[in-house]
Engineer: 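A single structure is presented below for examination.
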Number of protein chains: 2
Amino acid sequence: MSSVPTPTPPRDVAHACAADDVAIDADLGWALGVVFRSYLKIAHHAMSEVPGGPRGYQVLAAAIHGQQNTQLALANQLGIDRTVMTYLIDDVERAGLVERQPDPADRRARRIVVTLDGHALLARLQERLKLAEDHVLAALDEDERTGFRTLLRRIATHADAADPARSPCEVVDDVAKITGTEPPRHPR
Amino acid sequence: MSSVPTPTPPRDVAHACAADDVAIDADLGWALGVVFRSYLKIAHHAMSEVPGGPRGYQVLAAAIHGQQNTQLALANQLGIDRTVMTYLIDDVERAGLVERQPDPADRRARRIVVTLDGHALLARLQERLKLAEDHVLAALDEDERTGFRTLLRRIATHADAADPARSPCEVVDDVAKITGTEPPRHPR
DNA sequence: TATTGTTATACTCTATAACTATA
DNA sequence: TATAGTTATAGAGTATAACAATA
């Protein structure tokens with residue numbers, strides 16, 4: 001999607017831009033893509049001053065209330081590869097937003113602690129992201145926004161709980177029905 | 001998506017996988033990312049048998065009711081670079097799903113026409129995508145789904161109309177307010 | 001001179017594997 | 001032997017520029 005993306009998305013995925021074609025815009029995937037990319041475009045712009053863009057922001061946000069502050073813990077939480085995390089934190093640290101500190105309990109690990117500058121920047125970014133949300137929801141009135149947020153959050157919570165990345169087996173059969181393919185025989 | 005940023009987007013944005021962190025899951029971007037990636041994961045799987053994946057599907061879908069069937073027209077509609085479109089159609093054509101036919105009105109252009117096999121595959125994919133939508137919306141009952149689709153479509157239509165890719169100037173000032181940056185002085 | 005489609009090249013991301021220092 | 005972090009290398013995807021054919 002990002003797909004995004006595309007989706008980015010992703011990039012990937014989440015990535016291809018949607019058509020403004022009438023016959024397609026009835027479908028959920030198209031609408032999700034347009035809305036998500038619309039949010040991402042603004043959010044990405046808003047986060048352009050933190051090194052690593054959205055990824056850097058996520059690291060800041062995750063590290064700030066972290067019980068689990070090591071690089072690997074952050075990487076797992078955010079779904080970022082640990083080798084990428086190294087470069088990412090290199091950049092964020094160079095910008096003075098976080099510091100690598102030795103973990104007193106494990107000399108292999110580094111605790112990522114957010115500096116004062118990091119706190120200040122994060123607060124500013126979060127304000128901007130709220131405005132970005134309002135911008136995305138501009139077509140709805142107050143009550144509709146609340147309703148939409150509630151429904152979306154329920155869908156997201158449900159989807160997140162079933163995310164194959166964390167609980168593969170539950171979803172496999174479901175996906176198999178949808179795609180018409182045989183479920184893989186648990187190569188993990 | 002994480003991506004998404006992403007969450008995407010993400011590739012990418014739209015790319016990084018979302019945290020299951022409580023403090024973050026209140027925000028709209030996170031929820032959008034999770035839901036969009038959840039859809040993409042299934043949709044991507046469902047479209048794995050068409051060359052080029054989701055992109056190949058989009059080409060099929062766009063070409064099938066196309067008044068504008070040339071490669072460049074499809075590329076513009078889908079937001080795909082025209083050089084990528086060449087490779088993409090190479091693959092889709094090799095699979096026997098479309099054919100390149102000379103445009104009688106312009107000998108430089110090629111019309112992309114969907115074959116019988118292409119029609120059949122597209123129909124099958126669209127059935128699967130409907131099931132993928134139901135899977136994403138599994139947390140909602142029938143009335144809630146209708147409500148969610150309606151609201152989402154309104155947001156998407158609004159966002160699509162304001163998409164900078166097609167009408168840059170309208171959004172610039174709005175974005176500038178949000179990001180706190182000066183609007184660029186129309187480099188285009 | 002501009003446009004459609006193709007090809008070649010370079011650049012960005014990501015994934016994989018190796019290496020170190022610790023456990 | 002396994003784990004946290006780092007580094008180097010290779011691959012996929014994308015963008016840029018140049019080219020031939022046609023307008």
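Because the structure is a prediction, the values reported are computed rather than measured. Reckoned from all heavy atoms, side chains included, excluding hydrogens, waters and symmetry mates. Labels below follow one simple rule: chain letters A, B, ... track the order of the sequence lines, proteins then strands, and each chain is numbered from 1.
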Engineer: For B/Arg82 and D/dT14, what is the distance between atoms CZ and P respectively, to the nearest whole Å?
Structural biologist: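 About 17 Å, once rounded to whole Å.
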Engineer: For B/Arg154, which residues count as a side-chain contact (heavy atoms from CB on, under 4.5 Å) partner, sequence neighbours excluded?
Structural biologist: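 Result, side-chain contact (heavy atoms from CB on, under 4.5 Å) vs B/Arg154: A/Leu140, A/Glu144, B/Leu151.
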Engineer: Counting distance only, does the side-chain N/O of B/Ser48 pair as donor-acceptor with the main-chain N or O of B/His44 below 3.5 Å?
Structural biologist: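 Here the side-chain-to-backbone pair does not exist.
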Engineer: Looking at B/Thr115 and B/Gly96, what are the two nearest heavy atoms and their distance?
Structural biologist: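 Of all heavy-atom pairs spanning B/Thr115 and B/Gly96, the closest is OG1-O, 2.7 Å.
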Engineer: Got a sec, which residues hit salt bridge (Lys or Arg N to Asp or Glu O under 4.0 Å) with A/Arg100, two or more places apart in sequence or on another chain?
Structural biologist: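 A/Arg100: salt bridge (Lys or Arg N to Asp or Glu O under 4.0 Å) contacts with A/Asp90, A/Glu93.
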Engineer: With sequence neighbours excluded, tell me which residues meet salt bridge (Lys or Arg N to Asp or Glu O under 4.0 Å) with B/Arg110.
Structural biologist: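 Result, salt bridge (Lys or Arg N to Asp or Glu O under 4.0 Å) vs B/Arg110: none returned.
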Engineer: Does A/Ser38 reach the main-chain N or O of A/Val34 with its side chain, forming a donor-acceptor pair under 3.5 Å?
Structural biologist: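 No, the answer is negative, given that no donor and acceptor are paired below the 3.5 Å cut-off.
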Engineer: Can you list, in residue-number order, the parts of residues 105-113 of chain A that come under 4.0 Å of DNA chain C, counting heavy atoms only?
Structural biologist: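 Residues of residues 105-113 of chain A under 4.0 Å from DNA chain C: A/Asp106, A/Arg107, A/Arg108.
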Engineer: What heavy-atom pair brings A/Gly29 and B/Glu133 nearest, and what distance separates the two atoms?
Structural biologist: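 Nearest pair, atom of A/Gly29 first, then B/Glu133: N-OE2, 4.1 Å.
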Engineer: A/Arg100 side chain N/O closer than 4.0 Å to the phosphate oxygens (OP1, OP2) of D/dT6?
Structural biologist: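 Yes.
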Engineer: Side chain of A/Arg55 only, heavy atoms from C-beta on: which candidate in C/dG5, D/dT7, C/dT14 is closest?
Structural biologist: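 Taking heavy atoms from C-beta onward, the closest nucleotide is C/dT14.
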Engineer: Could you tell me the separation between the CD atom of A/Gln71 and the P atom of D/dT7, rounded to a whole number of Å?
Structural biologist: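 My rounded result for the distance is 11 Å.
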Engineer: From the options A/Val92, A/Ile80, A/Asp91, A/Leu60, select the one residue that forms a side-chain contact (heavy atoms from CB on, under 4.5 Å) with A/Arg55.
Structural biologist: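 Of A/Val92, A/Ile80, A/Asp91, A/Leu60, side-chain contact (heavy atoms from CB on, under 4.5 Å) with A/Arg55 is met by A/Ile80 alone.
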Engineer: Rounded off to whole Å, could you give me the CG-to-P distance for the B/Asn69 and C/dT4 pair?
Structural biologist: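 My rounded result for the distance is 15 Å.
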Engineer: Please report, rounded to the nearest Å, how far the C1' atom of C/dG5 is from the CD1 atom of B/Ile80.
Structural biologist: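 Answer to the nearest Å: 15 Å.
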Engineer: Which of residues 85-96 of chain B sit near DNA chain C, with a heavy atom under 4.0 Å from it?
Structural biologist: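 Correct list: B/Thr86, B/Tyr87.
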Engineer: Let me know the distance between CG of A/Asp81 and P of D/dT6, rounded to the nearest Å.
Structural biologist: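 Nearest whole value for this atom pair: 13 Å.
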Engineer: For A/Asp106, what residues pass the salt bridge (Lys or Arg N to Asp or Glu O under 4.0 Å) criterion, not counting sequence neighbours?
Structural biologist: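 Applying salt bridge (Lys or Arg N to Asp or Glu O under 4.0 Å) to A/Asp106 gives A/Arg108.
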Engineer: Would you indicate what B/Thr70 reaches in the nucleic acid, counting non-hydrogen atoms under 4.0 angstrom: base, sugar-phosphate, or nothing?
Structural biologist: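 Counting heavy atoms under 4.0 Å across all strands, the contact made by B/Thr70 is with sugar-phosphate only.
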Engineer: For A/Leu74 and D/dT6, what is the distance between atoms CG and P respectively, to the nearest whole Å?
Structural biologist: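 It works out to 12 Å between those atoms.
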